[in-house]
Amino acid sequence: MSDPFVLTVSQPIDLPSTLASGQCFRWRLASDDVWTGVIGGDMVRLWATPEGIGVASAPTPPAELAESLASYLRLDDDLPVIQARIAVDPHVRDGIEHYPGLRLLRQDPWETLAGFILSATSNIARISRTVELLATSFGEPIDLDSERRHAFPRPEALAEAGEQRLRQLGCGFRAPYLARAGAAVADGALRLDALRGAPYADVLAELTALHGVADKIADCTMLFSLDRMEAFPADRWVRRVVVDRYGLPPNITYDGVRQWARERFGADAGYANQYLFWHIRQETRAQRSGSV
DNA sequence: TAATAACCTCGCAA
DNA sequence: ATTGCGAGGTTAT
């Protein structure tokens, strides 16, 4: 590998909460606060330094990765400014105070869509496992030092793998959804790159045209990969928050939550969502391990 | 339009 | 160890 490189960062960024808060599925804590993951065709190691983020990578040398890494980490988002806008909400402020360096990521749209198709009635541990299994089965190998990881498979690869093979790899009832989504992207019926920056309603319609993709998975894909920062993915945890702590009716529709979030947080709804989501998840986990 | 069952397996707790 | 429950949803009825 080439020499490590330090990406100078003036924005707040906390690697553990950013990389482990459920928006991405390929980062592992290697050792001593060093994170290992795969971004596109590169294996990447990241660690915190006083000046910013230490980077090691292959096959692209880390110095040449700076620009795409800054994009991936959304360093173009002025987090303190965004936080100041949404911290008027007490529960969001609580999340920000616990995870002040939690940032949203700008990931690859296909990988993000595929990952969240796999997320239906699943959990982060299982999604991560399945994504890794898909990568080792159908993705290009990447070596960094003595470690080998694999790129996330191209849409063609999952389309060709087909439902039965994907079921064998543990995708369950999501297997046909994933294969068909891969086919749609591969044959050009769904042009994900063209959707970045397109109007929310248009992107939503394109994504939910896929079998196995409805509002929630579409919102995750939009927020984590397509720059639609007003998306507010309302999963069961976020719904629990808005019902229990904000008093919204328990039977409120998905679109009802969406409109509420849009009115309350506007273009920053996605960041508010992530702070609410991760805070409630960590709180719940702490309660569980403490109550045994 | 609203409610309910069914869907594949796996992770986790008891 | 083994069992039972619920998991970052979506579709079909």
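Note on naming: letters A, B, ... go to the chains in the order of the sequence lines (proteins, then strands), and numbering restarts at 1 for each one.
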query: In residues 218-247 of chain A, which residues come under 4.0 Å of DNA chain C by heavy atom?
result: A/D235, A/R236, A/W237
task: Could you tell me whether the side chains of A/Y271 and A/D77 share a donor-acceptor contact shorter than 3.5 Å?
output: yes
task: Check whether any side-chain N or O of A/H211 sits under 4.0 Å from OP1 or OP2 of C/dA12, and answer yes or no.
output: yes
query: Rounding to a whole Å, what distance do you find between A/R285:CZ and B/dA13:C1'?
result: 14 Å
task: State whether A/R154 and A/E140 are salt-bridged, where the test is any N-O pair (Lys NZ or Arg NE/NH1/NH2 against Asp/Glu carboxylate O) under 4.0 Å.
output: no
A/Y275 side chain to A/D89 side chain, donor-acceptor N/O pair below 3.5 angstrom: no
message: Can you measure A/I217 atom CD1 to C/dA7 atom C1' for me and round it to whole angstrom units?
response: 13 Å
query: When you check the gap from the basic side-chain N to the acidic O, do A/R28 and A/E132 get nearer than 4.0 Å?
result: yes
message: Other residues, nucleotides and ligands only: do more than 12 of their heavy atoms fall within 6.0 Å of CD on A/E51?
response: yes
- request: Measure from CG on A/L178 to C1' on C/dT10 and round the result to the nearest Å.
  value: 15 Å
query: Quick one: A/D255 CG to B/dT1 C1', roughly how many Å, whole number?
result: 14 Å
- line: What residues 95-116 of chain A contributes to the DNA chain C interface at heavy-atom separation below 4.0 Å is none
query: Do the charged groups of A/E160 and A/R165 touch, with an N to O distance under 4.0 Å?
result: no
- request: State whether A/D227 and A/R74 are salt-bridged, where the test is any N-O pair (Lys NZ or Arg NE/NH1/NH2 against Asp/Glu carboxylate O) under 4.0 Å.
  value: yes
field: Value in whole Å for how far the P atom of C/dG6 lies from CZ of A/R281
entry: 15 Å
- prompt: Have A/S57 and A/D42 got a donor and an acceptor in their side chains that come within less than 3.5 Å?
  reply: no
query: Which part of the nucleic acid, if any, lies within reach of A/T208 when heavy atoms closer than 4.0 Å are counted: base, sugar-phosphate only, or nothing?
result: nothing
task: For A/L210, answer base if it contacts any base atom (sugar-phosphate contacts may also be present), sugar-phosphate if it contacts only those atoms, and nothing otherwise; contact means non-hydrogen atoms under 4.0 Å.
output: sugar-phosphate
message: Using atom P in both nucleotides, what's the gap between C/dT3 and B/dC8 to the nearest angstrom?
response: 23 Å
- prompt: What is the distance, rounded to the nearest whole Å, between atom CG of A/L169 and atom P of B/dC10?
  reply: 11 Å
query: Going by the side chain to side chain donor-acceptor pair (under 3.5 Å) test, which pairs reach into residues 30-39 of chain A, not counting sequence neighbours?
result: none
field: Strand DNA chain C in bracket notation, Watson-Crick/G-U under 3.5 Å with | for pairs to another chain
entry: .||||||.|||||
task: Could you list all the side chain to side chain donor-acceptor pair (under 3.5 Å) pairs where at least one residue sits in residues 188-200 of chain A, not counting sequence neighbours?
output: A/Y200-A/D219, A/Y200-A/R258
- request: Report which part of the nucleic acid A/I124 touches: base, sugar-phosphate, or nothing (heavy-atom distance under 4.0 Å, all strands).
  value: base
Atom pairs, N/O to N/O, protein against nucleotides 7-9 of chain B, distance under 3.5 Å?
{"from": "B/dC8", "atom 1": "OP1", "to": "A/R167", "atom 2": "NH2", "distance (Å)": "2.8"}
{"from": "B/dC8", "atom 1": "O5'", "to": "A/R167", "atom 2": "NH1", "distance (Å)": "2.9"}
{"from": "B/dC8", "atom 1": "O4'", "to": "A/F173", "atom 2": "N", "distance (Å)": "3.2"}
{"from": "B/dC8", "atom 1": "O2", "to": "A/R126", "atom 2": "NH2", "distance (Å)": "3.3"}
{"from": "B/dC8", "atom 1": "O2", "to": "A/R174", "atom 2": "NH1", "distance (Å)": "2.9"}
{"from": "B/dC8", "atom 1": "N3", "to": "A/R174", "atom 2": "NH2", "distance (Å)": "3.4"}
{"from": "B/dT9", "atom 1": "O4'", "to": "A/R126", "atom 2": "NH2", "distance (Å)": "3.1"}
{"from": "B/dT9", "atom 1": "O2", "to": "A/R126", "atom 2": "NH1", "distance (Å)": "2.6"}

query: Taking atom P of C/dT10 as reference, at what distance in whole Å does atom CG of A/L207 sit?
result: 11 Å
- prompt: If you count the non-hydrogen atoms of other residues, nucleotides and ligands that lie under 6.0 Å from CZ in A/R167, is the total more than 12?
  reply: yes
Protein-nucleotide distance (A/L166, atom CG; B/dC10, atom P), rounded to Å: 14 Å
query: Does one side chain, of A/Q83 or A/R93, offer a donor that lies under 3.5 Å from an acceptor on the other?
result: no
task: Give a yes or no on whether a salt bridge exists between A/R281 and A/E283, defined as a side-chain N under 4.0 angstrom from a carboxylate O.
output: no
- prompt: Are A/D76 and A/R106 ion-paired here, with the side-chain N under 4.0 Å from a carboxylate O?
  reply: yes
